[in-house]
A.B. asks: 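Here it is: the structure, laid out below.
A quick note: this is a predicted structure, and the numbers were derived from the prediction, not measured.
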Amino acid sequence: MNNCELLNDHQIITGLIGAAANAPAGDPRAARWATEALALARAVGLPILIEEAEGVLGRIAHDTTCGWSAWWNSNRMSA
């Protein structure tokens, strides 16, 4: 995420959401990026991006706490 000073609010937030969504759920940066995206989306009042960031945070929380998802993701990665 370089050259953020050249991007508008929407681009910065969607970049953070995309990075978080594509990172493994166990990567601590994923939750940090999604949380930052959520805070920025709320600050500038972009309801669709608020919903997207909340969804990514929910997926991260689920994937890191659900035993079946953890098993599935670890087996999928090794195949």
A.B. asks: Looking at Ala20 and Ala30, what are the two nearest heavy atoms and their distance?
C.D. replies: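 Result for this residue pair: CB-O, 3.3 Å.
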A.B. asks: Which atom pair, heavy atoms only, marks the closest approach of Ala31 to Ile60?
C.D. replies: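 Closest heavy-atom pair between Ala31 and Ile60: N-CD1, 3.9 Å.
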A.B. asks: I want to check something: taking the side chain as every heavy atom from C-beta on, are Leu40 and Asp9 in contact at a cut-off of under 4.5 Å?
C.D. replies: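 Not in contact.
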A.B. asks: Search all heavy atoms of Asp63 against all heavy atoms of Ala25 and return the closest pair with its distance.
C.D. replies: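 Scanning both residues, the minimum pair turns out to be CB-CB, 3.5 Å.
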A.B. asks: If Ile, Leu, Val, Met, Phe, Trp and Tyr residues are connected whenever their side-chain heavy atoms lie under 4.5 Å apart, and connections chain through other members, are Leu57 and Leu16 in the same group?
C.D. replies: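 In one cluster: no.
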A.B. asks: Could you pull out all residues at least two apart from Leu46 that satisfy side chain to side chain contact (heavy atoms under 4.5 Å, CB included)?
C.D. replies: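 Leu46 satisfies side chain to side chain contact (heavy atoms under 4.5 Å, CB included) with Ile13, Val44, Leu49 once adjacent residues are dropped.
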A.B. asks: Report the residues that fulfil salt bridge (Lys or Arg N to Asp or Glu O under 4.0 Å) with Asp27, sequence neighbours left out, ordered by chain and then residue number.
C.D. replies: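 Asp27 satisfies salt bridge (Lys or Arg N to Asp or Glu O under 4.0 Å) with Arg29 only.
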A.B. asks: Establish whether Ile48 and Ile12 are linked, either directly or via other cluster members, by ILVMFWY side-chain heavy-atom contacts under 4.5 Å.
C.D. replies: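 Unlinked, Ile48 and Ile12 end up in two clusters.
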A.B. asks: Between Gln11 (side chain only) and Asn8 (backbone N and O only), is there a donor and an acceptor less than 3.5 Å apart?
C.D. replies: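 Present.
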A.B. asks: Of all heavy-atom pairs between Val56 and Ala34, which one has the smallest distance, and what is that distance?
C.D. replies: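 Where Val56 meets Ala34 most closely, the heavy atoms are CG1-CB, 4.0 Å.
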A.B. asks: Could I get the full list of salt bridge (Lys or Arg N to Asp or Glu O under 4.0 Å) partners for Glu54, not counting sequence neighbours?
C.D. replies: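 Result, salt bridge (Lys or Arg N to Asp or Glu O under 4.0 Å) vs Glu54: Arg42.
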